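Have a look at the structure below before the remarks.
All ligand and atom numbering here is 1-based and tracks the order in the structure. For clarity, every value in this text was computed on a predicted model and none was experimentally measured.
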Amino acid sequence: MAFPVASINLTALRHNLARVREFAPHSAVMSVIKADAYGHGVMAVAEALVDSDAFAVARLSEGIHLRQQGIEKPIVLLEGVNSEADFIQAADYQLSPVIHLHSQIQLLQSIKLPQPLQFNWLMIDSGMHRLGITPEQAPAALEILKSCANLTDEIGLMSHFANSDLVGDKRNQLQLSPMQALHNDTGLAVCLANSAAVISYPASHLDWVRPGLMLYGISPFDDKSGPELGLKPVMQLKTQLIAVYNIDAGEEVGYGGDWTAELPTRIGVASIGYGDGYSRHLSNKSEVWLRGQKAPLVGRVSMDTICLNLNDVEHAEVGDEVILWGSPELPVEQLAQLAETIPYELVTVITRRVQRELSDG
Ligand SMILES: *Cc1c(COP(=O)(O)O)cnc(C)c1O
C-alpha cells in the first residue's frame with residue numbers, strides 16, 4: 001500500500017453540504033473548491049458536491065480544469081481576470097469571473113467576447129479592503145454592466161467578511177449593512193456568507209451562501225470543532241511506521257538534537273514530513289494516533305519523516321498505521337492551533353506526494 005495517504009470521505013462531504021442547507025435553508029449554495037478543494041482533490045470533491053447550485057474557485061486555470069474534466073455547473077472565478085485574452089477564455093469555457101475593478105468594466109465595454117458571460121457577480125468592498133468597488137460606486141457600475149453586450153443580464157452582488165469567525169463582532173454588521181441596502185435598492189441577488197457566517201450569522205445568508213471550509217468538515221471557529229457544529233471531517237491523513245527502536249536516556253533525536261530522551265525511550269519513525277505538507281511548525285509539538293493511543297512527536301519534522309515517542313504505545317511495530325489528523329482524537333483544528341496557524345493552511349498545503357484515496361465511510 002502506498003503511503004502517506006489522505007483518505008477523503010465522500011459521504012462526509014455530502015453530509016456537510018446538507019448541513020450547509022440546514023443552516024441556510026433559504027439560500028442557494030456556491031461551494032468553494034479553490035486550491036484543489038482545500039487540498040482534498042478537486043475532481044472527487046466537485047463530483048461529491050454535485051448538488052451544489054454553483055462552484056467557486058480562485059483562478060481561471062482552476063475553472064478551465066473543472067470544465068475540461070466535465071463539470072457543468074456554473075463556476076465563479078473569485079479573483080476575476082484582467083486581460084482581453086483571459087476574458088475570452090472565460091467566455092469560451094462559460095466561466096464567471098467576478099468583476100471587482102473599474103478597469104475590468106472598461107475592458108468589457110471595449111472588447112467583443114465570443115459569447116456573453118453568464119452568472120455574473122460584481123464584487124463590493126464592504127470593509128475588508130481586499131477586492132471590490134465601494135458600495136457607493138456600485139449603482140453606476142451596475143448601470144454600465146447591465147447594458148454591456150458581453151454580459152447576460154444575470155448579475156448579482158458579492159462581498160466577503162473579514163471577521164465572520166469572530167461571532168458577534170460589530171464589524172460584521174458594518175459589512176452586512178451596505179450589502180443589505182444595495183440588495184433593497186437594486187433587487188439583485190447578494191452572495192456574502194462564508195462558512196463562519198453560514199454557521200453564526202443567519203442575517204447574512206441572503207440569496208446565496210459561499211462556504212468552503214465547513215464543507216470539508218472543519219470548524220472556522222477557534223473554540224469549536226467540526227463535529228460540535230454537526231460537521232463530519234472529510235480528510236484523514238495517515239501513514240505507516242517505517243522503523244521502531246530503543247534509545248537510552250540522554251540521547252538526542254533528529255536534526256539539531258532538539259529533543260533529548262529523559263528515560264530510555266522506544267522511538268518510532270513515521271513516513272511523513274514537510275515534503276508532504278506536514279508542517280515543520282509541529283516539530284516537538286504535535287501527537288499522532290497509533291494503535292488506539294496518542295504518541296507525541298519528538299524532535300524536528302524532517303522532509304520525509306517524523307519521530308515519535310512510543311513509550312505509551314504497546315506492541316507498536318513497523319507497518320503500523322499512524323494517523324496524523326482526522327480521527328476524533330486528533331482533529332485538524334487542534335493541530336492547527338499547535339502549529340500556530342489555521343486548519344485551512346494545514347489541509348491546503350498537503351503535497352502531490354500524498355496519495356488521495358476515496359472512501360464512502
Ligand atoms: C475562500 C473564500 C470563501 C470560502 O471561505 P470559507 O471560510 O472557507 O468558508 C468564500 N469567499 C471568498 C471570496 C473566498 O476567497
Legend entry - salt bridge (charged side-chain N to carboxylate O under 4.0 Å, His left out) against E228, all qualifying residues, sequence neighbours excluded: none
Inset, instruction - Output every pair passing ring pair (Phe, Tyr, Trp, His ring centres under 6.0 Å) with a member in residues 165-202, not counting sequence neighbours, ordered by first then second residue. - result: F161-Y201
Inset, instruction - Non-hydrogen atoms closer than 4.0 Å to ligand 1: which protein residues do they belong to? List them by chain and number, please. - result: V32, K34, Y38, L78, R130, H160, N194, S195, R210, P211, G212, L213, Y344
Legend entry - Rounded distance (nearest 0.5 Å) linking atom SG of C191 with atom CD1 of I124: 12.0 Å
Legend entry - Side chain proximity check, M43 to H65, heavy atoms < 4.5 angstrom: yes
Inset, instruction - Give a yes or no on this: more than 12 heavy atoms of other residues, nucleotides or ligands lie within 6.0 Å of atom NZ of K73. - result: yes
Inset, instruction - Scan residues 210-237 for pairs that pass ring pair (Phe, Tyr, Trp, His ring centres under 6.0 Å), counting only residues two or more places apart or in two chains. - result: Y38-Y216, H40-Y216
